[in-house]
Amino acid sequence: METTRWTVDEELDEGILINDPGIREAAALLREGRLVAFPTETVYGLGADARSEEAVSAIYRAKGRPSDNPLIVHIADLNQLKEWVGKVPPLGQALIRRFWPGPLTLVLRYRRGLASQVTAGLSTVGVRMPAHPVSLALLRAAGVPVAAPSANQSGKPSPTEADHVWDDLAGRIDGLLDGGPTGVGVESTVVDVTGEVPILLRPGGVTLDRLRKVAGRVDVDPGLEQEGEAPRSPGMKYRHYAPQGEMWLVMGEGEALRRRMAELARQASQAGNRVGILTTEENQSVYQADKVLSLGSRKDPASVARNLYAALRTCDDARLDVIYAEAFPMEGVYHSVMNRLLKAAEGRVIPAE
Ligand code: TXA
Ligand code: MG
């Protein structure tokens with residue numbers, strides 16, 4: 001299959017973009033049941049008409065995605081919601097008012113009207129309204145709810161640039177809208193609002209503190225942080241975001257962290273490995289390794305989140321055997337960064353002291 005690639009100017013606003021020739025063509029393809037990748041504020045998504053069984057099953061095939069992992073439905077208009085979800089509970093409504101459009105996915109009670117593979121057989125459905133002019137213009141021009149997982153080959157880091165999508169899926173999808181690098185860099189926060197207390201199923205672009213400011217109590221799915229507990233979000237159990245090299249997360253801070261990282265890198269090099277380091281601007285010059293990658297400033301968690309997935313892809317390109325990554329404090333935006341790093345490291349953790 002030939003993949004059409006359009007470049008769109010993401011600086012323009014949604015009202016102008018809706019007449020962009022690339023967006024119009026992409027929207028027409030979606031309405032025909034084809035697959036189109038597009039930028040959102042978090043990561044690139046691989047979209048298909050969420051009502052079409054055939055289109056939705058093509059997403060799973062193109063990505064090589066396990067079929068028990070449900071998809072997020074993307075909308076540009078709240079009125080679309082009524083057709084296929086039940087009543088949105090008051091706390092859900094409050095979160096929608098505060099965070100949509102934005103990097104928050106709400107798990108709601110599903111009624112009917114979507115392809116069965118969107119929900120993967122669950123009685124709930126994940127929905128979000130992305131805050132990106134290209135996605136909003138595309139969704140409006142298509143006029144259909146769009147099911148879209150991250151547009152990576154299953155098991156690879158999510159794509160934050162159009163080239164990542166191209167590397168993973170060219171020839172397997174019908175179109176790719178290139179709207180430049182995404183801003184947030186990690187996926188949306190997933191929150192289940194079907195029960196009395198909202199439950200965080202996946203940390204992401206909206207932090208727990210911000211959710212709690214609106215919703216009061218928000219519980220964290222025990223399956224997220226505890227070994228041996230099954231996560232309630234099917235996608236969280238898979239080996240995601242894992243680089244090909246063996247990654248280790250080094251916990252600690254300051255001088256102790258730098259010393260331990262440097263020592264680990266030296267030992268691994270001496271043992272004949274190609275060694276990579278994931279660090280920050282503050283520590284970048286301290287290390288010697290085959291690849292030293294800075295994620296941004298420690299004082300700017302948003303930059304660390306934005307650069308994380310591209311850095312993991314660079315690790316693969318550099319054919320590293322071992323990667324040592326500096327850990328971050330488990331708070332704010334770093335909560336989602338640490339969640340992704342722990343997955344990439346498959347739980348391999350080394351204390352600095
Ligand atoms: O930022 C994002 O959310 C991106 C962009 C493209 O919107 N999308 C994304 O989709 O990350 P995906 O498919 O890579 O991740 C969706 C996550 C999975 O962990 C899935 O299990 C969970 O959301 N999910 C979807 N529907 C669910 C449901 N009904 N109940 C629980 N978890 C659900
Ligand atoms: Mg994904």
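Here, residue 1 is the first one in the sequence, and each next residue gets the next number. Atoms within a ligand are numbered from 1 in the order they appear, just like the ligands themselves. These numbers were taken from a predicted model, which means no experiment stands behind them.
- R128 and E41 are joined by a salt bridge, as a carboxylate oxygen and a charged side-chain nitrogen come within less than 4.0 angstrom of each other.
- P103 pairs with exactly one of T189, V43, T42, V186 by the side chain to side chain contact (heavy atoms under 4.5 Å, CB included) rule, that one being T42.
- By the 4.0 Å heavy-atom criterion, T119 is excluded from the residues contacting ligand 1.
- The side-chain contact (heavy atoms from CB on, under 4.5 Å) test applied to D321 returns N273, R274, not counting sequence neighbours.
- Ligand 1 has no nitrogen or oxygen under 3.5 angstrom from a nitrogen or oxygen of Y44.
- Relative ring orientation between H74 and F38 is described as perpendicular, the plane-to-plane angle rising above 60° on a 0-90° scale split at 30° and 60°.
- Counting the atoms of ligand 1 from 1 in the order shown, those under 4.0 Å from a heavy atom of T124 are 28 (C), 29 (N), 30 (N).
- Within ligand 1, counting atoms from 1 as listed, the ones closer than 4.0 Å to a heavy atom of N69 are 18 (C), 20 (C), 21 (O).
- With respect to L106, the side chain to side chain contact (heavy atoms under 4.5 Å, CB included) criterion is satisfied by exactly one of V193, V85, I72: V193.
- Every atom of ligand 1 is numbered from 1 in the order shown, and the set under 4.0 Å from a heavy atom of E187 is 1 (O), 2 (C), 11 (O).
- At a 4.0 Å heavy-atom cut-off, ligand 1 does not touch K63 at all.
- Residues forming a side-chain contact (heavy atoms from CB on, under 4.5 Å) with E255 (at least two apart in sequence, or on another chain): R258, R259.
- Distances below 4.0 Å separate heavy atoms of G45 from the following atoms of ligand 1: 6 (C).
- Atoms of ligand 1 lying under 4.0 Å from any heavy atom of L201, numbered from 1 in the order shown and given with element: 31 (C).
- Of all the listed residues (A37, S188, P70), P70 holds the heavy atom that lies closest to atom 26 (N) of ligand 1.
- Distances below 4.0 Å separate heavy atoms of L122 from the following atoms of ligand 1: 28 (C), 29 (N), 30 (N).
- The existence of a salt bridge linking R313 and E161 is excluded, since no basic side-chain nitrogen approaches an acidic carboxylate oxygen closer than 4.0 Å.
- Close approach of ligand 1 to H74 (heavy-atom distance below 4.0 Å) involves ligand atoms 5 (C), 6 (C), 7 (O).
- Proximity of V125 to ligand 1, defined as any heavy-atom pair under 4.0 Å, is confined to the backbone N, CA, C and O atoms.
- Shown in contact with S150 at under 4.0 Å from a heavy atom are these atoms of ligand 1, numbered in order with element: 8 (N), 9 (C), 10 (O), 12 (P), 14 (O).
- For the Mg ion (ligand 2), the N/O/S atoms of N152 include none lying under 2.8 Å.
- Between K82 and D77, no side-chain nitrogen of the basic residue sits less than 4.0 Å from a carboxylate oxygen of the acidic one, so the salt-bridge criterion is not met.
- Of the charged side-chain nitrogens involved, at least one lies within less than 4.0 Å of a carboxylate oxygen, so that E263 and R260 count as a salt-bridged pair.
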